[in-house]
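Written out below as structure tokens is the structure these notes cover.
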Amino acid sequence: LSFLIFYINAIRKGFYNFKNLTNNWYQKSLSVGISCCLISMIPLSFTSPQFIQKNSILVITLGAALIEVIHKKLKV
């Protein structure tokens, strides 16, 4: 359950970044791209155990970290 909350929170922040960034098109497209990748990994997470596969956990963690960095820059 905590992994699901983390996952949905990362997707929500990605779309929040997309809506609220004004002039930075690179960060805007990066936020929506990572959010879409995380959304596309949801069915994969239901059909295969993601905790065993290290590559998919790495992609999820790096994507959420990039979204969080953009979110922190937006708040400052």
Side-chain angles (χ1 to χ4, degrees):
L1 189 60
S2 63
F3 180 71
L4 186 61
I5 292 170
F6 164 75
Y7 206 81
I8 291 174
N9 196 19
I11 293 169
R12 188 177 51 99
K13 282 184 182 179
F15 283 116
Y16 176 81
N17 293 344
F18 176 72
K19 287 189 336 186
N20 291 329
L21 285 170
T22 55
N23 293 330
N24 199 338
W25 289 99
Y26 177 73
Q27 287 182 354
K28 213 172 180 174
S29 62
L30 189 64
S31 291
V32 78
I34 292 171
S35 296
C36 290
C37 287
L38 290 176
I39 289 171
S40 68
M41 288 186 74
I42 289 175
L44 181 70
S45 297
F46 286 132
T47 59
S48 66
Q50 295 301 314
F51 295 113
I52 297 172
Q53 298 174 349
K54 295 178 185 168
N55 295 336
S56 57
I57 288 293
L58 180 67
V59 168
I60 291 169
T61 306
L62 288 177
L66 284 171
I67 286 176
E68 189 65 34
V69 166
I70 294 171
H71 187 72
K72 294 287 183 186
K73 284 185 179 183
L74 181 65
K75 290 292 183 182
V76 173

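FYI, side chains are in, hydrogens and waters are out, and symmetry mates aren't considered; it's all heavy atoms of this structure.
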Ala10 and Leu38 have their tightest heavy-atom pair at CB-CD1, 4.1 Å
Would a hydrophobic clustering, with Ile, Leu, Val, Met, Phe, Trp and Tyr connected at side-chain separations under 4.5 Å, put Ile42 with Val32? yes
Are Phe15 and Phe6 joined in one hydrophobic group, where the rule is that I, L, V, M, F, W and Y side chains link up if heavy atoms are under 4.5 Å apart? yes
What pairs meet the side chain to side chain donor-acceptor pair (under 3.5 Å) rule with one or both residues in residues 24-35, with sequence neighbours excluded? Asn24-Gln27
Rounded to the nearest 0.5 Å, how far apart are [atom1] of [X] and [atom2] of [Y]?
| X | Y | atom1 | atom2 | value |
| --- | --- | --- | --- | --- |
| Leu62 | Ile57 | CG | CD1 | 11.0 Å |
| Leu30 | Ile70 | CG | CD1 | 4.5 Å |
| Ile67 | Cys37 | CD1 | SG | 9.5 Å |

All side-chain contact (heavy atoms from CB on, under 4.5 Å) counterparts of Val59, not counting sequence neighbours: Met41
How would you list, by chain and number, every residue that makes a side-chain contact (heavy atoms from CB on, under 4.5 Å) with Leu66, sequence neighbours excluded? Ile34
Applying salt bridge (charged side-chain N to carboxylate O under 4.0 Å, His left out) as the test, list every pair that has at least one member in residues 32-43; sequence neighbours left out. none
Please list all pairs passing the salt bridge (charged side-chain N to carboxylate O under 4.0 Å, His left out) test where one or both residues lie in residues 8-18, with sequence neighbours left out. Lys13-Glu68
ring-ring contact (aromatic ring centres under 6.0 Å, His included) partners of Tyr7, counting only residues at least two apart: Phe3
Please list all pairs passing the ring-ring contact (aromatic ring centres under 6.0 Å, His included) test where one or both residues lie in residues 57-76, with sequence neighbours left out. Tyr16-His71
